[in-house]
2 protein chains.
Amino acid sequence: MRRSDLERRVTLAATGSAVTLEMVAQEAGVSPSTVSRILNGTARVRESKVRAVNAAISKLQFMPNPVARSLAGGKSMSVGVVIQTLDSPFYGGALAAIEKGLMRASYSGLFVSGHWRESDERRCIDHLLSRRVEGIILVTSCLPDQEIVHLSRTVPVVLTGRSVVGERIYSVDVDSTQGARLATDYLIGQGHDRIAYIAGPVDHPDAIQRMSGYKASLAAHRIPFSKKLVSVGDYSDAGGHAAMVRLLDAGEKFTAVFAANDQSAYGAMLALYRRGVKVPQDVSVVGFDDLLTSAFTIPPLTTVHRSIDGIGECAAEAMIDLIAGRAPVAKVSSATLAIRESTRPIRA
Amino acid sequence: MRRSDLERRVTLAATGSAVTLEMVAQEAGVSPSTVSRILNGTARVRESKVRAVNAAISKLQFMPNPVARSLAGGKSMSVGVVIQTLDSPFYGGALAAIEKGLMRASYSGLFVSGHWRESDERRCIDHLLSRRVEGIILVTSCLPDQEIVHLSRTVPVVLTGRSVVGERIYSVDVDSTQGARLATDYLIGQGHDRIAYIAGPVDHPDAIQRMSGYKASLAAHRIPFSKKLVSVGDYSDAGGHAAMVRLLDAGEKFTAVFAANDQSAYGAMLALYRRGVKVPQDVSVVGFDDLLTSAFTIPPLTTVHRSIDGIGECAAEAMIDLIAGRAPVAKVSSATLAIRESTRPIRA
DNA sequence: GAATATTTTGAAAGCGCTTGCAGAACGTAG
DNA sequence: CTACGTTCTGCAAGCGCTTTCAAAATATTC
């Protein structure tokens, strides 16, 4: 025996269950292989033995050791999830949904955050790979396409918020363009034609989509696009605030603002409030994401709603499919507009 | 060979790195044991061999397989984190910090959410145990003390937001009482004496602390406590909103409100706004938690600040200590008040 | 320089499970 | 009843690493 009895006992306690498959086999009077086969359904086994083994399992309260299982079978039953930041309500929701979807297939998620930094993201991926995850879900990754394609040669990849094509890649693309279009259309429908836009980070694929939705809507309604009405934020409250301040300082007139995400909208609304500009009386504000809190801002925010849960679960399911070698079936619902109190028709 | 070459190649690809410790040993001209020893620093090894091995490692780009490591060494280098909900900004922050702290000791976190349900929480714990986590961090668990003590016989436990004593239990207790006291004291210092309180769930240990801090402050300033000024919420925006509506409908007068957490405060402020009550002109509002967004509400919220990051990192460090068999050293900074624009001195 | 104390090292036995292979058990046909 | 085809089932060889034990190499002492 390698370890002293005491040590061993401690380890056993520390690992939860000391019951091994071998003990089950012995108890049931069959060989370990048989137990394994019953556990995994890898072969037909005589009914009587199945019963004996099941009895032994519940009697001994056996729980297969996933670590050993991974080592022997080469699969870890876990998938890595790279998220940019855990402390945003938006990503929190996505995470919760992914966890749920993964759990359902009895997979575990290893969550790590990349902080919007390519280098961090790479490190995270390495970490996950070293943990032998069976797949990686990239939630709004900031890595270049090519690198993602490369990664997909090692493990299946699911990514959200952007679209990359590849054999073992699945993009849960939420088509932000359409959502942005929806928001802008609505504003225009309410009579606004000087609509400011608070953009997301310029190099962010998702932000680019949103911007283009905004532009497309303007174009469709023959409203000229003006650079002066665009102020770049960074998807954060603070960024939205600063962007609005810049807009206000520039003195350009507008009756509505479309912010690339809810958090930017929060910041923008605060800046407006500080300058004594009333929402929605003087300026209408529309956000994007429909965070849980957005129904409770002052005033409650009109915003583009996408089912974060839906996206997360879809990503998880797609990953399970990919791992199983099946082609995932797409089915993300499109964006809708949650109309609340931060917008109103422009007065004639 | 057990698998066909093709299969094997696929598996290798799927697991990231095909380089094994044995290959390194061969390359360096030493035995696997030696490589292992160098990797883990478990014994002195001749300098020349160390160099050879390191060279081989970097040449082959070897990454030790944590799965094999776990199986052989009995440790999984991962700790389980049970959180109630991922989509609250508060918990998100805690999570991020825990992840960071764990990562620093090259541990991974397995995050699962219990949804405030005892049964879910138990299931999560079982899941984590079956994954052979080396410890479990319970973020505001709703399990009874006794069950936690029991769990600690299996793995070390760190818990936040409440205090349970036990040999392998460490409570990162944040003493919400003091924070609540701070907030109420401040309001009183500003001349308020009719201070409403929006409580958290009545059976929540943390909520009980906050409530008692509120009461203690009143008592210390000889202000009678009135049940009529207390309205129970559930820590959510919606709950805070409802609680405030009830308060307003009851017609009880107050010049300030202290909400048990920021989200309740958001809801309360919205209810106030809807009734045309101005914050802070008519009523001052104080929250608790200092969520990232709280600096961007309208008006920016005065709130009790506790370093969520600090708590999370502290929990992670304590867990590492516990796993290593060391006694964790406590060091959570106490709460402070972030004074912003939702409060003001009462006019005489 | 022999004898002894130390430090390094390698061989080998696992960790708990999966799985290829071949033998055992059963069934069926001749 | 023998021969042959099917199912079952057990044996044993790993998965990649850690660790014990004892042998090998080196250092120390007289």
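Note that this is a predicted model, so its numbers are computed, not measured. Here is the naming used below: chain letters follow the sequence lines, and residue numbers restart at 1 for every chain.
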Whole Å only: how far is the [atom1] atom of [X] from the [atom2] atom of [N]?
{"X": "A/M23", "N": "C/dC17", "atom1": "CE", "atom2": "P", "answer": "10 Å"}
{"X": "A/Q26", "N": "D/dG10", "atom1": "CD", "atom2": "P", "answer": "13 Å"}
{"X": "A/R44", "N": "C/dG27", "atom1": "CZ", "atom2": "C1'", "answer": "14 Å"}
{"X": "B/L71", "N": "C/dC15", "atom1": "CG", "atom2": "C1'", "answer": "4 Å"}
{"X": "A/R132", "N": "C/dC17", "atom1": "CZ", "atom2": "P", "answer": "20 Å"}
{"X": "B/M77", "N": "D/dC17", "atom1": "CE", "atom2": "P", "answer": "15 Å"}
{"X": "B/N65", "N": "D/dG14", "atom1": "CG", "atom2": "C1'", "answer": "14 Å"}
{"X": "A/I38", "N": "C/dT19", "atom1": "CD1", "atom2": "C1'", "answer": "15 Å"}

Exercise. Is there a donor-acceptor contact under 3.5 Å linking the side chains of B/S33 and B/S36?
Worked result: no
Problem set entry | Side-chain donor-acceptor contact under 3.5 Å, B/S108 with A/R131 | yes
Problem set entry | salt bridge (charged side-chain N to carboxylate O under 4.0 Å, His left out) involving A/E27 - partner list, sequence neighbours excluded | A/K59
Exercise. Does D/dC8 have OP1 or OP2 sitting under 4.0 Å from an N or O in the side chain of A/K49?
Worked result: no
Problem set entry | side-chain N/O A/S31 vs D/dG10 OP1/OP2, d < 4.0 Å | yes
Which nucleotide in the set [options] lies at the smallest distance from any side-chain heavy atom of [X]?
{"X": "A/V45", "options": "C/dT18, C/dG16, D/dT9", "result": "D/dT9"}
{"X": "B/R69", "options": "C/dC17, D/dT18, D/dG16", "result": "D/dT18"}
{"X": "B/A72", "options": "D/dC15, C/dC15, D/dC8", "result": "C/dC15"}
{"X": "B/R37", "options": "C/dC17, C/dG10, D/dG10", "result": "C/dG10"}
{"X": "A/N40", "options": "C/dT18, D/dC17, D/dT9", "result": "C/dT18"}
{"X": "B/T42", "options": "C/dG20, D/dT19, D/dG16", "result": "D/dT19"}
{"X": "B/R46", "options": "D/dT9, D/dT18, D/dT26", "result": "D/dT26"}

When we call it a touch if two heavy atoms are under 4.0 Å apart, what does [X] touch: a base, just sugar-phosphate, or nothing?
{"X": "B/S33", "result": "base"}
{"X": "A/T34", "result": "sugar-phosphate"}
{"X": "B/V30", "result": "sugar-phosphate"}

Problem set entry | salt bridge (charged side-chain N to carboxylate O under 4.0 Å, His left out) between B/K100 and B/D309, worked out | CA-CA 9 Å; B/K100 196 168 140 206; B/D309 288 7; 5.6 Å; no
Exercise. Does CZ in A/R44 sit with more than 12 non-hydrogen atoms of other residues, nucleotides or ligands closer than 6.0 Å?
Worked result: no
For this session: Measure the CD1-CD1 distance between B/I136 and B/I148 for me, rounded to the nearest 0.5 Å.
Result: 10.5 Å
Exercise. Taking atom CG of B/L110 and atom NE2 of B/H127, what is their separation to the nearest 0.5 Å?
Worked result: 6.0 Å
Exercise. With under 30° as parallel and over 60° as perpendicular, where do the rings of B/F111 and A/F111 fit, or are they tilted in between?
Worked result: tilted
Seminar exercise, completed: Rounding to the nearest 10°, end axes of the helix from C/dG1-D/dC30 to C/dG30-D/dC1 built from five pairs each make an angle of 50°
